[in-house]
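These notes concern the structure reproduced below.
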Amino acid sequence: MSAAQHAGPTGRSGEPVLSVRGLHVGFARREGVRDVVHDVSFDLHPGECLAVVGESGSGKSVTARTLVGLTGDGALVRAERLHFDGADVRGLSARDWRRTRGRRIGFVLQDALVSLDPLRPVGAEVEEALRLHGWRERRARRAKVLELLTAVGVPSARARARQRPDELSGGLRQRALIASAIALDPEVVVADEPTTALDVTVQAQVLDLLAEQKRRGVAIVLISHDLSVVARLADRVLVMSGGRVVESGPTREVLTAPRHEYTRALIAAVPGEHTRGERLSPAPAAVLPRPRAERPGGTVLEASGLVKRYATAEGSHTAVSGVSFSLRAGRTLGIVGESGSGKSTTARLALALTAPDEGVVNLLGRPWSQVPEAQRRERRKEVSVVQQDPLSSFDPRWTVERVLLDALPPRRSRTAGERRARLRELLAQVGLDEDVLARFPLTLSGGQRQRVSIARALAPEPSVVVLDEAVSALDVSVQAQVLDLLADLQRALGLSYLFISHDLGVVYHVSDDVLVMKDGEVVERGSAEDVFERPQHPYTRELVSALPRLAGQRAEEEAR
Amino acid sequence: MPASSADAPAQVDARFSAAPLEDPGARLRRTARRVVSRLLGALLVLWGAATAAFLAQAVLPGDRATIIFNIRAGQPIERTPEELAAINAQYGFQDPVLTQYLHHLSGLVRGDLGESYQQFRPVTDVIGEQLAPTLVLTLTAIALAWAGMVVWVVLTAGRGRRTAGLGAAVDTATAGLPHYWLGIVLLLVFALQLRWFPVISGNSPAGLLLPALTLAVPLAGFMGQATRTEFERALQQPFVLSARTRGAGDLAIRLRHVLRHAALPAVTLSGWALGATISGAVVVETVYTRAGIGRVLVTAVNNQDLPIVTGVVLLVAALYVVANLLVDLVHGLVDPRTAKGGRPS
Amino acid sequence: MTTLLLEPAPEARAVRTRRPRPWGVWLAGLAALGFGVAAAAPGLLDTTDPLALHLDRALQAPGPGHWFGTDEAGRDLFSRVVHGARPSLAIGVGASLVSLSLAVVLGTLAALGGRVVAPVVDRVVEVLFSFPSLLLALLLVALLGPSAATAAVAVGVGTAPGYARMVRAQVLSARGSAYVEAAVALGHSPGRILRRHVLPNALRPLVAVMALSIGQSIVWASSLSFLGLGVAPPSSEWGALLEAGRPYVAHAWWLTVVPGLVVVVLALATTTLGKHLQAVLERSAS
Amino acid sequence: AGTSAAEQPPPGAGPVTGGTIVYGHQQEPACVFGGWIEQAYLSTQVLDALTSLDEDGRVVPWLARSWEQSPDGLSWTFHLREGVRFTDGTALTAAVVAHNIEHWVEGGNSTAKVWLDGYYDSATAVDDLTLRIHLGKPYPRLAENLAQGYSGIQSQQALQTRTAEENCEAPIGSGAFVVDHWDRGEEIVLRRNEDYTSPPANARHTGPAYVERIRWRFVPDGTTRVASLRAGETDAIYDVPAVDYADLGRDGYTELKHVTAGRPQQLSFNTQRGPFTDERVRKAFAAGLDRRALVETIGRGVIPYEGNGAVSRSTPGYSREAAEAHSFDLDTANRLLDEAGWTGRDEDGTRTRGGERLSVLLPYNSGTIINADGASILQGVQQQAKATGFDVRLVPVPPSGFFAGEYSRPDERDIAVGYWTSVTAGILWVNWRPGTEDWPNGNNAAFYDDPALGELIDRANQTADPAAQEALYRQAQELIADRALSIGLFDRLSTLAVSPSLQGVWQENAQGGPVFYDARFVR
Ligand SMILES: Nc1ncnc2c1ncn2[C@@H]1O[C@H](COP(=O)(O)OP(=O)(O)OP(=O)(O)O)[C@@H](O)[C@H]1O
Ligand SMILES: Nc1ncnc2c1ncn2[C@@H]1O[C@H](COP(=O)(O)OP(=O)(O)OP(=O)(O)O)[C@@H](O)[C@H]1O
Ligand SMILES: [Mg+2]
Ligand SMILES: [Mg+2]
C-alpha cells in the first residue's frame, strides 16, 4: 500500500481522531463472501473534513456505516487498523458501540428525507439522542432540543419541534437530522449525502451548517457523489470507484489536477455553463442519424395564462398560476425551480394530462388543451413524455419489449418484422443492447431505465418531448451520458424539448431558453445566458449565487 | 380482512415547506363538516342494515305466523287460518310488505325495536341485558390479543430465518384454530384439570379469562400475520438505522419506533373484530356458558324471532359504526399523517 | 490482517431483503400436493369406504390398522379425513372465489364508479361489513339448505367486503400510477388502459390473498358446522368432522385433534405458499 | 380427561336443610310456562298440577284430592285440596282451575290443548273446590294426562292482571318454588316457597322444600355440563352424554335415567308417495337394518334400543311383540325388494326399478329433536340401508326451517324421524288419527289415513277398563308394526347425574324432569 493511497496528515499535527488502515468489507452471499470495499485507509483529524466521492455503488456508504459498527447483515469486516480516538474499536461490544454512537460519533444518514421516524415529532427524534445518552431530565432535554434546532437554523424551533417530518420541508428535515447527530457534541460527524435531493438554496444552508461544525473542531466525514458539494467543504478528498480508493489528496489538488482517469471523467461530467454545447461523457453515444422531414419552424408548443388549482384539506391550492411559454421547433426550453414550484404540474398541463383551470395550450398551432380527450388521442403521438421517476412509469409486469411495443403507433408498423426492426432502431438510438428487451425494468440500472424511458418517448416519432426531471435520479457520470444522448437525439431528429429540472447546472447545460418558477409563477424568463449570467429577479439571483461550483471552476472564475 | 398494504401512508411530501398555521375557524368548520358527513354515513349504514334485516325476513321461507305458533307450541305442523288469525292481526303480517317496512322503519326511528315473539319482552330489554357481557368479553379478548400479539411479534419478527419463520408459523397456526376446539381444550385443561378457572364462566370476572383467551388467540394470530409483515417492512426503513446511529438498542427501537408503524393493520383488524364479535362469540358463549348477544342471535334466528334478529343487526351495525370511528381516531393518533386527510381506503 | 465481525447485530438483518425460506415452501408445496391428491383422487391414498361402519371397532385410538383412530360408529378417521379433502377444499376454494369475485366487482366499481355508482357501492360494502356474518350464514342456510356450496357462499359473502376495500385501494393506486399516466400520454384508450394496466396490476396481489384465504375459509366454515349450518353429515368435510367429534373431546381426543390439525396444516401450507407467491410477485413488481 | 372421582360427603355427615342447588340444564326456554318439554320441567318446579304419576305410572293426587268419572265417561269431577294458596295470596278454587283449562285451550298452552283436543268440551266449577270437566267423548286417561308439566295451574288473578311478559318470566303458581329472577342467557333462580303445603302424593315429605334455592343454569354444551359437575360447580346436570355416562357412575355420581313414555325416536315411512307406499319396500328397509347393534354401539349401552315404532317401553300398554317385528335379516330384505321390482343396481350399488333409483329422503331437525348421538345413529341407518340398495339422503333441517314447516308435506320426504313424549299410549291418537278435510292431522307423520286404525285407537282411548284398553292399544301397535308404517330406533331418555352430596333428587314420571322438592344436601 503506497502512502499516496491514503490521505496522510497534510500539514496537521496531533493524533487523528479516526484512523483506518486496510479496511475490507464483504457481504456473505449464498455464493460466499463478496468484498465491496477493498483496502481503504485514511486518517481524520479534529476540525478536518474528509470527503469521500464516487459514483453509486462504489462503497461509500458501506465504508461510512462501518465507522459506526452498522455495516449490515452478514457483513464481514477486516481491517488492519480501525482506531477511534486512539482506541481499537474492532472488538467493541454491542453495548460499547451503542454508547459510542450518537454520543461520540454522530451520523447523518444518506436517505435524509426518510431517516426521521415519520410518525413522531422531529423534536422527539432529536431528544432521543439525548435520552439514550444519560439526559435523564425531561425538561432539560426539551430545552436542549430547542437550543439545537435553533443552532442548526430551524426557524421558530418550538413550533417545528412539535411537527412531524412530513410537515417539514426537506431542508428542515435535514437540519433536524443533523441536530440529532450533533446533539451530544460528538468528536466525529459522518454525513452521508447530506445534501442530495435538496434545492440549491437549501443545500447551501446545510453545507454552511456543517462548515460551522468543522470550525468548532468537529471532524467530518462527508460523503457525496457531487463534486461541487465537496469542493465547498472538504479539506481532503478520497475518490472511490468499485470499492477502491483510486485517488486521494487535498481537495483543490484533486479537483483541479486530477491524476486518475476516473476522477477526471467524474469532473468532466458535471454540467454547467462551461459545458454548454459540449459532450459531458467521454464515449460518444452511438446514435444512428435518421433522415427526417424538416419540421416547420416556429412554435410547436405554446401555453398562455395557465392556472391550475388543487383542492386540499385546507381549501384550494394554486399549483400553477399564469404560466405562459412557447417552445420553438428544435429548441430546448428549460424550466427550473425549487421543489413544489409547479414544474411537474406545468408539464402535465402541457401534455394535457390534466385540464387547466384557466389558459390554453396549443400544440403545433392547433388547440390542444381545449379539445376533448377523444380528439387528442390521435394527436398524442406528437408529444411524448419522459417521466420524473422512470421505474414507476413502467408497468411492473411488463418486459422492456412489451413496454416499447405498446408505445409503437399501430399504423406505422403492421407486421411483426417491421415492429421488431423499429424496436432495434429505437434501442440503437438510445444506445441499448437488444438483450434488454427480455428484461423487466426492475432489473435494469438507473441509466438503462432512463434510456428505455427515452426510447418509449421516441417510439411514436414525436416532435415534442417533455422531460420531467429526466436525470435527477442519476449519478453524475450516467447523467452525463443521458444528457449527451438527449443532445444527440435532438440534433438528429429535430426534436423540441420541454426540459424540467431543479438542477440549475443541468438546465443551464441543455437549455436554449429558460423559465424560472417559484410558487407556481414564472419569475424570470429569457435565454439561458441572460437568465444565468444576468439574473434580474432576486430569487434567481439567490439561486445562481447558491450554485455550488467545483474548486477548479472557482479558481478560473477568480482568475477572470 | 382489511388489507394493510392498501392503506398506503400518505406519500412523503417535501412540498409543504412548513405546515401553514391555519386559522382556528377553518379548522372548526372542517371538523364540523367531517362530523356531519360521518354521522350521515353512519345513519346510512344503520338504515341499510335495518333494510337488509327486513328484506332477509321477507325472503325467509315459511309463513311467519305459523312459525311463531309452532315454536310456541313446539310442534312443526300446519296450522289452520283460525289459529293464526290472532297472531296475524297482532303483528300485522297481513299488511302489504311496504306498509310493514314503513311501520318497521317508523318504529326504529322512534327507538322502538318491537317485542320478542317468544319472550313477550321489548327487544331493547332482551338485547340491553346481553350487551354488557358481550362487550366485556370482546374488549378483553381484543386487549389480550394485542398483548400476546405485540409480545410475540416484537420477540420474533425480523430475527433471522429460523426465529422469524417460527414466529410466522405460530401466527398462521393460531389464526387457524377453530374457536370451539380451542375453547373446549382450554376448558378441559385449565378449568377441569387444573381448576384455575370456573368451568361455567357465567359473567364472573374469574370466568372471563378463558373465554376471552379463546377469542384472543386466533385473533392474535390473525393480527400477528398483518402486523409482522408491516413490522418487518418497518424494520428496514432508514429511520430505524437512523435511530441506531443515535445509539438506540434493538428492543428500544422495536418498541419505540417500529411497533407504531406496524400497528395500523392491527388497529383496523381490532375494529373489525369488535364488529365481528357477535359471530365469533356465540361459540365461546356456548362452550363457556356465558350470556351474550351471540346466543341471543342464534336462538332468535332459530326461533325466527325477527324483532330480536333485527335488533341485533342494528346493534351490530351501530357497533361497527362506533368501532370504525374509534379505529379512525386511533389511526389518527398512531399515524397523525392520516388524520389530516382522513383514513384512506 | 485481523478478522472481526462487527456486531452481527439484529439491525444488520433489517437491511437484508427477506427471502422466502425454501424448505418451508417445499414442505408447504408437498402438503398442498397431498391435499390436492386427496381431493382429486382420494382412492389413491385410501381405498376403504370412509362411511363404512365397524360397530365392533368404535372409538379406537390411533394405532396400526387405524392410523387416525375410529369414531363412535367405528368409521376409520384416516379414511374420512382423506375423503373429506374434496368438500373441505371445495369450501375453501369456493369461498375464496366467491369472496374475491364479489370483491373485485365491488372494489372496482367503488374505485372507478364515478360520482354516482361509487358512493352507492361504498355504502353497500359498509352495510355488508356491518351485517353479522353469522346471520348471513344462518339466512343462507335457511334459504339454500346446508351444503358445501351454501357454506362456501356464506363464508365468501361474509369475507368479501374486506377484500373489496383492498381491491378498491389497489385499483385506485394503479389508476393513479405513473405507468397509467404514461399510457394516457401515449394516447391509449381508457378501456385498453383498464384492461392492460389497471386491472391486471390491481388484481395481481389477490392471487396471494386467495391462497391465504383458503385455509381461513375452511376454519370459518367449520364454525358453521358448530351451529349445525355446515355441510350435511355424513360428509367427511373437516369442519363437520371436528364438530361431530366434539362431544367426545374428553374421551377420544383424536376425533377433534386430527381434523383440527389437518385444517391447521392446510392453513399453514396455503399461507406459506401465498406468502411465497406474494414475495415472488413483489420482487418482480417493486 | 377429568376422571377424578366425585367428592363424597364426609363420613358421619347427615342431611341438612337449606343451601342452594346448582343445576345444569341444557336448553333455555323463552318462558317458564309453555308447550316445550324444557318448559314443562321448569313449570313443574313452580306450578302444581292436578295430578301426579308415581313410579309405576299410576295417577296419584296432587292439587286434586280425588276424582271420578261419570258412568258414561263424559264428565269428570275433581275434588280440590283445601287451603292451597298461590304465591300471590289468592286461593286455589275450582273456578281458577277451570279458567286455567280454558286458557290452555285458547292458546295459552298448545301442547296441553293437543291432549284435550277432540275430547274436551268445557270446565265448570261446581263449588269452590269441585271442578267438573265435560267431554265430548269418553277419555279414561284424562287424569294421567293432566299430570304433565303442561298442565300446571296458575293464579287466575296473575293470568288476568299481569302482562304476558310477567307471566312468561315468572308465572304465579302454588308450587314448591317461586321464580326469584331470571338472568337471561345464564340462569333462572328459584326460591323456596316457605308456605308450601301442597306436594304431590308421591313426594317424600311435606311442608316447604329442604333447599332454599335452585340456580337453574343453562349449560348448552354437554362436555361443559359434565365438566362443571366434576368440578363441583353444579350439583346436578341434565342430559348426560352417553359417552360420559359410565364414567360418571363409576366415579360415584348418582345417575337417574327415565325412559320417557310416548312415541320413541322412530322412523315413519311416507305411505302416500314414493317407494314406501309399497309395504314390501318398508319391510325390506326395516329388515335391512341392524338397529339394535347400531343403537347399542353409538348409544354406548346407555341409550336403550327400541324396536317398537309406535310407543316406548315405559308407556302403559306397550307391545313387545310389535317391538320385535322386523329383525335384522338381509336375505329377507333383498328378497322383498326383488319382489317389489327393485331389481336393478346402478354404479353406486343403489337399486333401481325401471330407471328409477331407490333413493329416499330423510330430513331431520338437527339440534333440538335429534341430538348428536341421534345424528350418528341416523348416519348408521343410512350406511346400513346402503347394503340392501337404498340410497338414504339425510337432510339436517335447522330449527327455523323445521318450524316453518319445511319437509312436512307428503311430496317432500320419504321418512320422518322424531319422538313425542306422552304419559299414555294416547299418543297413538295424536300420531295416527286420520286427517279429515276440516280437521287435518299434521302429526300423522306416515300420512297414513286408515279409518280402521283410527277407530281402533279411538276405541282404546275411550275404554275405561285399563286391561281392555291396553289390549286395544297393543293391537294398534301391532297393526302399525305389521304394516311397517313406522319402526322404532331408540327410546328418548331423560338422564340426570347428581353429586353424592345431594340426595333425594327424583325424576317426575310424566317426562323425567328433575324434582328438587325432596332434595337436600348431606354435610
Ligand atoms: N447490507 C448489504 N448487504 C449486501 N450488500 C450490500 C449491503 N449494503 C451495501 N451492499 C453493496 O455494497 C456495494 C456498495 O454499496 P454502498 O451503499 O456503499 O454504495 P454507495 O457508494 O454508498 O452508493 P450510493 O451513491 O448509491 O449511495 C453495493 O454493491 C451494494 O449493493
Ligand atoms: N394532484 C395534486 N393534488 C393536490 N396538490 C397537488 C397535486 N399535484 C401537485 N400538487 C401541488 O402542487 C404544487 C406543485 O407541484 P408540482 O408537482 O408541480 O411541483 P414540482 O415543481 O414538480 O416539484 P418537485 O420538484 O418536487 O417535483 C405542490 O405544492 C403540490 O403539493
Ligand atoms: Mg450511499
Ligand atoms: Mg416534479
Side-chain angles (χ1 to χ4, degrees), chain B residues 60-64 66-80 83 86-87 115-122 125-126 129-130 133 180 183-184 187-189 191-193 195 198-203 285-296 299 301-305, chain D residues 1-2 4 22 24 28-31 34-37 39 107 109-111 113-114 163-169 183-187 217-221 223-225 227-231 233-234 365 367-369 398-409 418 420 438 440-443:
Chain B
L60 272 179
D63 172 63
R64 273 190 272 171
T66 307
I67 296 166
I68 294 174
F69 204 95
N70 275 345
I71 288 178
R72 285 183 190 169
Q75 291 150 13
I77 56 175
E78 266 183 74
R79 298 289 170 181
T80 58
E83 284 177 305
I87 293 181
E115 188 185 82
S116 156
Y117 294 159
Q118 301 297 335
Q119 297 185 19
F120 308 103
R121 302 194 302 152
D125 287 8
V126 175
E129 65 195 16
Q130 306 292 328
Y180 51 91
I184 285 280
L187 180 96
L188 290 178
V189 173
L192 186 57
Q193 288 289 5
R195 302 270 167 113
V199 173
I200 299 180
S201 294
N203 286 337
E285 285 164 12
T286 305
V287 170
Y288 288 100
T289 322
R290 280 182 63 88
I293 296 286
R295 271 166 82 185
V296 168
T299 315
V301 172
N302 283 339
N303 290 350
Q304 294 215 358
D305 201 335
Chain D
S4 58
V22 184
E28 180 172 18
C31 295
W36 283 85
I37 190 166
Q39 298 176 313
N109 192 321
S110 44
T111 305
K113 178 177 180 239
V114 166
T163 61
E165 179 183 347
E166 286 167 324
N167 285 324
C168 158
E169 197 159 281
D183 288 332
R184 294 271 176 179
E186 270 201 87
E187 61 182 3
R217 310 208 64 163
F218 305 110
V219 188
D221 189 82
T223 311
T224 313
R225 273 200 307 281
S228 73
L229 181 67
R230 286 188 180 280
E233 285 174 38
T234 47
N365 175 229
T368 41
I369 307 284
S400 61
F402 184 68
F403 288 111
E406 280 178 30
Y407 299 103
S408 62
R409 293 203 316 269
W420 194 313
D438 48 334
N441 185 2
N443 298 317

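Just so we're on the same page: letters track the sequence lines, and every chain starts at 1.
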Answer yes or no: is there a donor N or O on one side and an acceptor on the other, between the side chain of [X] and the main chain of [Y], under 3.5 Å?
X: E233(D); Y: V199(B); result: yes
X: T224(D); Y: V287(B); result: yes
X: R225(D); Y: V219(D); result: yes
X: E28(D); Y: F218(D); result: no

Please state whether the side chain, the backbone, both or neither of [X] comes within less than 4.5 Å of a heavy atom of chain B.
X: E169(D); result: side chain
X: E406(D); result: side chain
X: V22(D); result: neither
X: T163(D); result: neither

Could you tell me which portion of [X] (side chain, backbone, both or neither) has an atom closer than 4.5 angstrom to a non-hydrogen atom of chain D?
X: Q130(B); result: side chain
X: R290(B); result: backbone
X: E129(B); result: side chain
X: I184(B); result: side chain

Do the side chains of P122(B) and E165(D) get nearer than 4.5 Å, heavy atoms only?
-> yes
Ion pair check, E186(D) and R217(D), cut-off under 4.0 Å |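 Answer for the salt bridge query: yes.
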Option that, when pairs with chain B are counted at under 4.5 Å, heavy atom only, ranks first among A231(D), G35(D), G418(D) | A231(D)
Atom CG of D125(B) and atom CD of Q119(B): how far apart are they, to the nearest 0.5 Å?
-> 10.0 Å
Heavy-atom pair count under 4.5 Å with chain D, highest-scoring of V296(B), D63(B), D305(B), I67(B) =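 Among the listed options, the one with the most contacts to chain D is I67(B).
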